[in-house]
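Structure first, then comments.
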Amino acid sequence: MKRRIASIVAGVAISLAVVTGSASVPAHSSLFNRNVNQMLLTMKDCSLRFYDTAALSALAFDSATGEMVVTPKEGEWTDTYGADLAAVDFAKPCAEVAGGEIVNRGVEITEARPWLESLYAEWKPMSGASSYRVYIKGGAYASHTLVDRELVRDYGTYGRVDVPGLPAATYSLRVVPVVEGVEREELSSTVERLEVRPLDRSGFAFLGHEGGIGAYKDNGELKDDARVIYVTSATAKTVTCNVRQSVKDDVGKEFTGLQAIITAYQKGVETRPLAVRILGTIEAGDMDSFGSKAEGLQVKGRNAYSPLNITIEGIGEDAAIRGFGILVRNSTSVEFRNFAVMLCMDDCLSFDTANSHCWVHNMDFFYGSAGSDKDQAKGDGTVDLKGHSRYITVAYNRFWDCGKTSLAGMKSESTEDYADYHHNWFDHSDSRHPRVRTMSVHVWNNYYDGVSKYGVGATMGSSIFVESNFYRATPDPMLISGQGTDAKGSGTFSGESGGMIKSYGNVYAEKGSSSNYTVITQEQSSVSFDCYQVSERGERVPDTVKTLVGGNVYNNFDTDPALMFSYTPLRAIDVPAVVTGSFGAGRLNHGSFTYDLTYPGSDRDYSVVAGLKETLSTHIPAPFTIYP
């Protein structure tokens, strides 16, 4: 028995060995709040208790009783913890991104900040200026270099520039007004010390794939022979690009319209990467055509796993597509980043057949069109991986009250089809985070924020490593079909045979009153459990451990260096602050669209939020023009 006594002033992190003594029920712990400093008490069942450190005076450990006592700055109460307490930690809010140093001379720059392999600046319109030229210096740009004209936009009350494709480095920006057709250098203003950060390229998408996914290199800059097209609501039908249709053709044939250009890549001849940069919101009616009647825009290779090297990315905070989604087939090396998908036809993003090494990150996903089934009120799916789609990474995305969030695998897949989900913000979404059939999937460092139905679901012989996720108000964090919690009553999510879940380092906050909440591990039930919980990341699940329905075993893909990517996970308690912070999930600055999904009962409500759907339908994007 290990006993010790200490008095710790709130705000100082400590590491706590197992505390012995009698357990007690705390009466004064607070709700989780990712925006303030909090003390987090991890209980032996991996549940959490929270105390705002600003409200505490001290913690005391009594060597005689083995108890820890929490004392407030104000009030007569104390809370005592004993045998059920496993660890004490302290979590801080994620620091906001620091802006650059603005030096205004003529143009009045009001804001300038770096982001992930990009940066932006805004300024007030200057009297007499008809346009602006913006120059960047730093990284590969030894001297001030003019950025693309399309990146410099006029929003009426302010001007804005966004510069993507920047490797991590320190940059400076110069905004020069154009007066009567002449650049007025003496009226220019600058921003110094813009510290651009790299994107997190952890995940299966990068395993065994060299040279960068999509149109970008692994360092964040465009590939040497990449082409860039800019697409707005006004140009989706008229944008042009030359795409080779013959090996003897060095120039290519000119295609007009976004879908037509992407369809031209299906010929399988064009090898030059393509960056499609979306400016503002593109509506379904703005498009030239759709390659998929069910989904909308189609990205398709000629044969299974054809290399396309296409990136579709949003520019700034307001990039979105509305009224349609995207279907991906036969494609290798495709990337989607920094735009929203609103009110799609069926799925927001469907990887349907024979795709590999694809990367979905920093996206905002919203409702789709209601389907005919009762579980399709919010759309049929959000991000689905099917048809032997493999080596897919879904990371740093925000899922806004989505219904069926992500299906990984149908009945034809195999455990050699790998995918991972990390640093996603499941913001009051309902289920399938993900639901996995037959595939091998790593689910790590995600924030489950008021999930109304269940977190991860395993069926049909799938192997899932669920690691260091933060579950807040999630009734059933992990389910294996036909056993454990899923075997209670008539079953929770599936009638299929079971898959196996290995669990490590996950924590559970704000349990609520759900009778099914407590995760059942093999320690509680050696036969019928929700997950096999290990004490170390590298621990293998024995082959003797089998699912109750189907007799399936865990394949231990995560412990095989030849099969697993390199990564450094956060502690689960640090996940919410990082995922919801400035460099976390969703679009730049969390996008221009705002809606508060918290209301009384929101954590348990899986119905369509009428206000959110109405706002999505009536939302009028801020108008802009590209400066001449």
Determine whether the aromatic ring centres of Trp400 and His428 lie less than 6.0 Å apart.
no

Would you please classify the geometry between the Trp444 ring and the Tyr567 ring as parallel, tilted or perpendicular, with 30° and 60° separating the classes?
tilted

Output the distance between atom CD1 (Ile321) and atom CD1 (Ile312), rounded to the nearest 0.5 Å.
8.0 Å

Arg113/Glu111 ion pair, N-O < 4.0 Å:
yes

Is the shortest distance from a Lys or Arg side-chain nitrogen in Asp224 or Lys217 to a carboxylate oxygen in the other one below 4.0 Å?
yes

Is there a donor-acceptor pair under 3.5 Å between the side chain of Asn397 and the backbone N or O of Ala395?
yes

Classify the ring geometry of Tyr132 against Tyr627: parallel below 30°, tilted from 30° to 60°, perpendicular beyond 60°.
perpendicular

Under 3.5 Å, is there a donor-acceptor pair linking the side chains of Ser172 and Arg193?
no

So His442 and Phe465, would you call those rings parallel, tilted or perpendicular, with 30° and 60° as cut-offs?
parallel

salt_bridge(Arg227, Glu270) N-O dist < 4.0 Å
yes

Would you mind checking if Arg244 and Asp249 are paired as a salt bridge, meaning a charged N to carboxylate O distance below 4.0 Å?
no

Give a yes or no answer on whether the side chain of Arg337 reaches the backbone of Met363 with a donor-acceptor pair at less than 3.5 Å.
no

Under-4.0 Å salt bridge between Asp162 and Arg153
yes

Name the one of Lys267, Gln259, Gln266 that satisfies side chain to side chain donor-acceptor pair (under 3.5 Å) with Thr263?
Gln259

If the test is side chain to side chain donor-acceptor pair (under 3.5 Å), which one of Thr53, Asp52, Asp89 qualifies with Gln38?
Asp52

Working for side-chain hydrogen bond (donor to acceptor under 3.5 Å, both in side chains), residues Glu313 and Tyr216:
CA-CA 11 Å; Glu313 62 181 325; Tyr216 289 91; 2.5 Å; yes

How are the rings of His357 and Tyr391 set relative to one another: parallel (under 30°), tilted (30 to 60°) or perpendicular (over 60°)?
parallel

